[in-house]
Number of protein chains: 2
Amino acid sequence: MKSKDKVTIYDISKKLNISAATVSRALNNNPKISEKTRELVVKTAREMNYKQNRLAQALKQGRTNNVGVIVPYINRSFFSSVIRGIEEELTPHGYHIIIGQSHEEVEIEAEQLNALLNTQIDGIFMSVSKTTQKTDHIKKVLEEQTPLVFFDRKIDIPSVSSVVLDDYKAGYIATEHLIKEGCSRIAHLSGDINLEIYRNRFEGYKKALKDYEIDFNPEYVIQVNSKIESGMQAIDDLWKLEEKPDAIFSAGDYAALGAMQELRARKIKIPQEVCVVGFSNEPFTKYMELPITSMDQTPLMMGKIAAQVFLEQVKETNAYTVEKKVVLPPELIIRDSSNRKLLKLSDVS
Amino acid sequence: MKSKDKVTIYDISKKLNISAATVSRALNNNPKISEKTRELVVKTAREMNYKQNRLAQALKQGRTNNVGVIVPYINRSFFSSVIRGIEEELTPHGYHIIIGQSHEEVEIEAEQLNALLNTQIDGIFMSVSKTTQKTDHIKKVLEEQTPLVFFDRKIDIPSVSSVVLDDYKAGYIATEHLIKEGCSRIAHLSGDINLEIYRNRFEGYKKALKDYEIDFNPEYVIQVNSKIESGMQAIDDLWKLEEKPDAIFSAGDYAALGAMQELRARKIKIPQEVCVVGFSNEPFTKYMELPITSMDQTPLMMGKIAAQVFLEQVKETNAYTVEKKVVLPPELIIRDSSNRKLLKLSDVS
DNA sequence: TTAATTTAAGCAATCGATTGCAAAAAATAA
DNA sequence: TTATTTTTTGCAATCGATTGCTTAAATTAA
């Protein structure tokens with residue numbers, strides 16, 4: 001597994017009795033090289049099966065054309081879709097993507113970040129972990145002058161760009177939708193309040209209640225994680241209340257699913273008695289027999305835009321870092337779990 | 001975004017009035033360096049916030065500690081889980097993963113492969129695209145002496161290791177399960193026969209029929225893709241037959257889902273009238289109200305084992321390439337869509 | 001105290017490609 | 001034909017870390 005007898009520009013230069021500098025220039029279409037030699041070099045390079053060593057080039061030029069992406073887990077529909085978006089936008093520009101998972105642990109996140117910086121990547125995309133409170137490890141990235149773009153889960157640091165969903169609006173829209181479906185006792189299954197995104201969804205929820213003059217009831221707010229069980233537990237808790245909710249707005253699809261399963265187990269009809277709205281538009285929400293209304297976060301788009309922000313940033317060569325904060329509009333995908341109107345129309349089944 | 005005033009070993013050597021060689025050795029725990037100087041260097045390095053430039057190191061040592069992974073799409077539960085497995089196994093060894101998508105196009109696959117080779121990765125993991133027939137671009141990897149490990153979708157090339165599922169057995173088990181549930185007219189929704197995995201599943205299906213003395217009926221075999229619609233279409237076609245099937249074994253979960261939706265639309269009871277078995281154990285199969293029986297491919301495990309095979313391969317320094325073919329056992333996850341027994345027991349709902 | 005041996009540290013080449021500056025070659029003008 | 005300008009090409013340094021070989025320093029033996 002060693003001694004890869006790689007062809008270098010020196011091999012080509014020796015064969016043609018010219019200097020390596022000329023070979024390099026010829027291959028890079030430097031105008032100072034005559035057409036004849038260029039063609040000769042290119043032809044010979046092909047014949048000798050020459051492959052440029054991007055490592056050496058990177059060392060000399062100071063750029064690797066690699067970018068790093070750090071997410072909590074890559075096998076989550078949302079994150080892998082964002083990565084796909086980034087990849088599709090960046091590949092045409094010659095970039096490659098190196099991925100790392102933080103496993104929602106800030107320590108691992110810091111390690112991964114450090115390792116990526118060592119590797120001399122040209123930029124970093126990241127969605128912070130739930131446990132990320134301190135920002136020291138992230139500030140180190142900035143000290144290195146490495147462009148950083150947050151997506152979805154950001155931390156507010158001056159001069160750092162980000163692409164996020166308008167979670168406040170999303171919370172508002174979801175709640176408003178439920179209100180318009182005739183619900184008034186709307187419970188909210190919130191995510192970890194440590195994360196800005198969940199705070200915003202919660203705030204949007206409260207604002208909608210206020211705008212429609214519905215009293216906010218703190219008992220209707222339950223904190224859940226992204227496990228199905230926590231959604232079931234939430235229903236268990238809520239149904240101990242005097243006044244049971246008539247709608248659930250969950251900040252996550254898995255909790256929404258758990259809630260629905262528990263509701264069904266209790267023979268509570270969805271959406272007739274209780275409407276349910278989830279968040280993330282995970283693939284399964286669509287495929288259920290009773291498809292779940294959910295908030296789409298347009299992950300592909302998010303990835304592409306994050307990539308564009310990065311590209312702009314590296315283009316602005318000498319410029320001061322331009323902070324760019326992109327906020328994407330959420331899109332509520334209304335499905336049966338909260339669609340009473342549809343039910344009345346097509347009362348087939 | 002330029003002039004990253006990076007600290008190098010030369011900066012450290014200047015500050016301490018020693019040579020860069022000594023600094024390098026000290027940082028690498030070379031025994032030829034005295035304890036005093038080692039400590040001094042390490043301490044100073046930390047103070048100066050020195051970060052090793054892995055690019056320069058890689059250039060010198062001829063290894064980058066980067067490996068490439070090429071999959072059709074990364075935002076598919078199966079593939080992203082395999083990648084996660086590879087990542088978890090390789091990160092402790094200091095490796096990083098660079099990913100690329102082929103979009104199921106052999107041309108893109110070849111480009112990605114080429115780009116990765118340029119980047120000087122230390123190895124490649126790949127799952128070939130559906131359109132991959134020629135293997136020229138893959139043989140180039142071998143010429144470069146770069147370790148290659150196929151996972152799931154492989155191509156038979158001598159001396160190349162692979163980690164795959166025992167698809168033949170999987171096909172057999174799934175079919176046998178259906179037979180034992182009392183089904184005898186078992187249809188098979190097959191994937192693209194160009195891929196070995198689908199051929200094997202099909203063969204396993206046929207063998208099970210044979211072993212249980214059920215006549216193979218070619219009319220019961222329909223080729224589908226991984227779209228829900230093709231599963232619906234398949235039912236449409238099958239239900240035009242004189243003798244309708246009483247079971248569906250789909251080589252993919254999405255087609256299975258489509259089939260179930262179409263069956264339900266036709267008021268055909270699952271599993272009473274028709275049993276359904278899918279393949280891949282996509283997350284949604286579990287979350288359905290009528291959960292779908294599916295074949296688990298243990299993707300995390302597959303990724304980890306592929307990584308182990310790679311690690312062994314690079315460890316065997318001078319050895320001839322050792323071809324290693326790992327075949328993982330499939331695991332049938334039996335759920336309601338094919339579980340008539342359960343139905344009789346707990347006839348609650 | 002001097003010679004022999006061990007230990008620590010430095011010199012300089014190397015990995016492969018790039019690029020400013022200088023030199024050579026070719027083309028043009030005088 | 002010679003001087004001048006323009007094109008081409010080459011020299012050598014550079015990016016940052018590593019390592020074989022050599023030299024210097026420290027330690028031990030004589």
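Every heavy atom of this structure was used, including side-chain atoms; hydrogens, water molecules and symmetry mates were not. Lettering of chains follows the sequences in order, A, B, ..., and the numbering in each one begins at 1. All values derive from a computational prediction rather than experimental measurement.
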Tabulate below the donor-acceptor pairs under 3.5 Å that side-chain atoms of residues 88-102 of chain A make, not counting sequence neighbours, or state none.
unit_1	atom_1	unit_2	atom_2	d
A:Glu88	OE2	A:Arg84	NE	2.9
A:Glu88	OE2	B:His103	NE2	3.3
A:Glu89	OE2	A:Gln308	NE2	3.1
A:Thr91	OG1	A:Glu87	O	2.8
A:Gln101	OE1	A:Ile74	N	3.4
A:Gln101	NE2	B:Glu87	OE1	2.8
A:Ser102	OG	A:Glu104	N	3.2

Q.
Using only atom types and a distance under 3.5 Å, with no angle test, would you say the side chain of A:Glu109 pairs donor to acceptor with the backbone of A:Ser129?
A. yes
Q.
For the residue pair B:Ser80 / A:Asn75, report whether a side-chain donor-acceptor contact shorter than 3.5 Å exists.
A. no
Q. Does B:Lys51 have any side chain to side chain donor-acceptor pair (under 3.5 Å) partners at least two apart in sequence or in another chain, and if so, which?
A. A:Glu144
Q: In whole angstrom, give the distance that lies between atom CD of A:Glu35 and atom P of D:dT9.
A: 11 Å
Q.
Restricting to ring pair (Phe, Tyr, Trp, His ring centres under 6.0 Å), what partner residues turn up for B:Phe125, sequence neighbours left out?
A. B:Phe310
Q | Close residues, residues 20-29 of chain A, relative to DNA chain D [heavy-atom separation under 4.0 Å] | A | A:Ala21, A:Thr22, A:Arg25
Q) Residues in salt bridge (charged side-chain N to carboxylate O under 4.0 Å, His left out) with B:Glu47, at least two apart? A) B:Lys43
Q) Has B:Thr8 got a side-chain N or O lying under 4.0 Å from the OP1 or OP2 atom of D:dC15? A) no
Q) Listed in order of residue number, which residues of residues 37-61 of chain A have a non-hydrogen atom at under 4.0 Å from DNA chain D? A) A:Thr37, A:Leu59, A:Lys60
Q: Round to a whole Å and report the spacing from CZ of B:Arg63 to C1' of D:dT19.
A: 16 Å
Q. Which part of the nucleic acid does A:Asp11 contact within heavy-atom distance under 4.0 Å: base, sugar-phosphate only, or nothing?
A. nothing
Q: Rounded off to whole Å, could you give me the CG-to-P distance for the A:Asn65 and C:dA17 pair?
A: 16 Å
Q. Just wondering, more than 12 heavy atoms not from A:Lys14 lying within 6.0 Å of its NZ?
A. no
Q. Salt bridge between A:Glu35 and A:Arg38, side-chain N to carboxylate O under 4.0 Å?
A. yes
